[in-house]
Structure formats: C-alpha cells, structure tokens
Amino acid sequence: METTSFYEQVYAVVRLIPRGMVMSYSGVARQCGYPGRARAVGYALHATPPTGRIPWWRVINAQGRLSIPNNEISSLQHDKLIAEGVQVGEDLRVNMRIYDGEMIVYEKIRLKRKT
DNA sequence: CCAATGACCGTAA
DNA sequence: GTTACGGCCATTG
C-alpha cells in the first residue's frame with residue numbers, strides 16, 4: 001500500500017475536520033492541493049482502513065447528502081454524525097450552511113454556527 | 001497498456 | 001428546489 005501520497009494527503013485533511021463538522025469530497029480534494037479530484041477522494045475514503053483514526057463519516061458530498069450507497073454503512077455514518085451533534089435529515093441530508101468546514105477556519109465556522 | 005468501476009461535481013433542463 | 005448528463009481521475013482487473 002505504500003505511501004500513496006494521495007491517500008496520505010486525503011487522510012491528513014480528513015483527520016483535521018473538527019468534531020461536529022462535515023466537509024465535501026471536493027473540499028477535501030482542494031485542501032489536499034488536488035482540485036477536481038473529488039471522485040478519487042471518494043475512492044480513497046472507501047479504501048480507508050478501519051483503524052477508527054480517520055473520521056470518514058464527516059465527509060459527505062457537495063449536495064449535503066450522504067453519498068454512500070450501502071445502507072448499513074450509511075446508517076452508521078448517520079448515527080456517527082448524530083452522535084456529534086450534526087443534524088441529519090431523514091433523507092440523509094445535512095445543512096451545509098451550518099456544518100460546512102470547507103476552509104477549516106474555525107472562527108468562521110463558529111461564526112456560522114449561531115443558533 | 002486498455003477497459004471498467006466508483007463513498008463525486010458542475011452545469012443544464 | 002430537484003433530476004439527468006457528461007466529465008473528472010485514481011485504482012483495479
């Protein structure tokens with residue numbers, strides 16, 4: 001499996017997502033320095049080792065939906081997010097207006113969080 | 001090397 | 001607001 005710099009980058013960025021926040025695949029790709037490789041990010045996360053060290057559940061698609069086709073895993077992600085205080089709709093939807101951590105700028109996030 | 005696959009995105013209707 | 005298409009690109013067979 002080697003370093004696979006791309007994987008490393010992706011994991012590093014995902015690990016930086018604060019608790020109670022979410023980020024889109026494209027956002028992760030951009031933070032990695034690879035804009036436009038959102039799809040590859042998705043692939044990388046799919047290959048994420050179950051070490052539990054990587055908060056993969058905080059990564060969702062740009063439409064605020066949980067893009068995991070597998071029902072079991074998607075429900076798991078749903079529970080994880082709920083446990084962190086992220087409000088997920090019944091249709092597996094998240095309000096990106098509030099929980100978007102695109103820039104990983106904590107102050108900005110806090111500003112957005114009001115009520 | 002080529003073809004198929006996929007936890008996606010942006011734009012258009 | 002939503003659905004449908006084409007285009008990304010890394011990984012696997």
Side-chain angles (χ1 to χ4, degrees):
Chain A
M1 309 342 211
E2 283 16 51
T3 59
T4 26
S5 58
F6 190 79
Y7 276 40
E8 290 280 322
Q9 292 277 347
V10 171
Y11 297 155
V13 171
V14 173
R15 237 176 279 142
L16 289 178
I17 304 175
R19 187 175 178 280
M21 289 288 118
V22 299
M23 188 170 350
S24 64
Y25 293 90
S26 64
V28 174
R30 196 162 21 188
Q31 292 300 326
C32 288
Y34 296 91
R37 285 158 182 81
R39 204 162 193 178
V41 171
Y43 196 92
L45 281 179
H46 181 251
T48 300
T51 58
R53 181 159 44 212
I54 302 163
W56 54 266
W57 57 87
R58 294 179 192 150
V59 183
I60 63 180
N61 65 14
Q63 301 188 344
R65 288 176 172 277
L66 309 188
S67 303
I68 302 178
N70 189 309
N71 290 315
E72 306 177 28
I73 303 179
S74 64
S75 63
L76 175 62
Q77 182 177 24
H78 175 272
D79 294 341
K80 287 269 193 185
L81 291 174
I82 292 294
E84 295 189 353
V86 177
Q87 300 199 355
V88 183
E90 298 172 2
D91 55 345
L92 301 182
R93 194 174 216 183
V94 177
N95 189 341
M96 296 295 279
R97 303 271 199 136
I98 302 176
Y99 302 106
D100 183 16
E102 182 85 22
M103 297 296 186
I104 316 185
V105 178
Y106 294 75
E107 291 185 288
K108 186 175 180 180
I109 292 172
R110 183 164 50 182
L111 190 65
K112 282 185 176 180
R113 287 200 99 179
K114 62 163 171 210
T115 356

Whole-Å gap separating C1' (B/dA7) and CZ (A/Arg93): 18 Å
Qualifying ring pair (Phe, Tyr, Trp, His ring centres under 6.0 Å) pairs, either residue in residues 59-93 of chain A, two or more places apart: none
Euclidean distance, atom NE2 of residue A/His46 to atom P of C/dT12 [Å, nearest integer]: 11 Å
Touch class at under 4.0 angstrom, heavy-atom based, for A/Arg58 against every strand present: nothing
Whole-Å gap separating P (C/dA10) and CZ (A/Arg37): 5 Å
List, with names and distances, any nitrogen or oxygen atoms from the protein found under 3.5 Å away from nitrogen or oxygen atoms belonging to nucleotides 8-12 of chain B.
unit_1 : atom_1 : unit_2  : atom_2 : d
B/dC8  : OP1    : A/Ser67 : O      : 3.3
B/dC8  : OP1    : A/Ser67 : OG     : 2.9
B/dC8  : N4     : A/Arg39 : NH1    : 3.2
B/dC8  : N4     : A/Arg39 : NH2    : 2.8
B/dC9  : OP1    : A/Ala62 : N      : 2.9
B/dC9  : OP2    : A/Ala62 : N      : 3.1

Cut-off 3.5 Å, no hydrogens considered: what does the side-chain donor-acceptor table look like for residues 87-95 of chain A, sequence neighbours left out?
unit_1  : atom_1 : unit_2  : atom_2 : d
A/Asn95 : OD1    : A/Arg97 : N      : 2.9

Residues which pass ring pair (Phe, Tyr, Trp, His ring centres under 6.0 Å) with A/Tyr43, listed by chain and number, not counting sequence neighbours: none
Atom-pair distance (CH2 on A/Trp56; P on B/dG6), nearest Å: 18 Å
Integer-rounded Å distance: C/dT11 C1' and A/Glu8 CD: 16 Å
Partners passing side chain to side chain contact (heavy atoms under 4.5 Å, CB included) against A/Ser26 (at least two apart in sequence or in another chain): A/Ser24, A/Ala38
Pairs where residues 10-37 of chain A contributes a residue and the test ring pair (Phe, Tyr, Trp, His ring centres under 6.0 Å) is met, not counting sequence neighbours: A/Phe6-A/Tyr34, A/Tyr7-A/Tyr11
Under 3.5 Å: donor-acceptor pair, side chain of A/Asn61, backbone of A/Gly64: yes
Distance, rounded to the nearest Å, where A/Leu45 contributes CG and B/dG6 contributes P: 16 Å
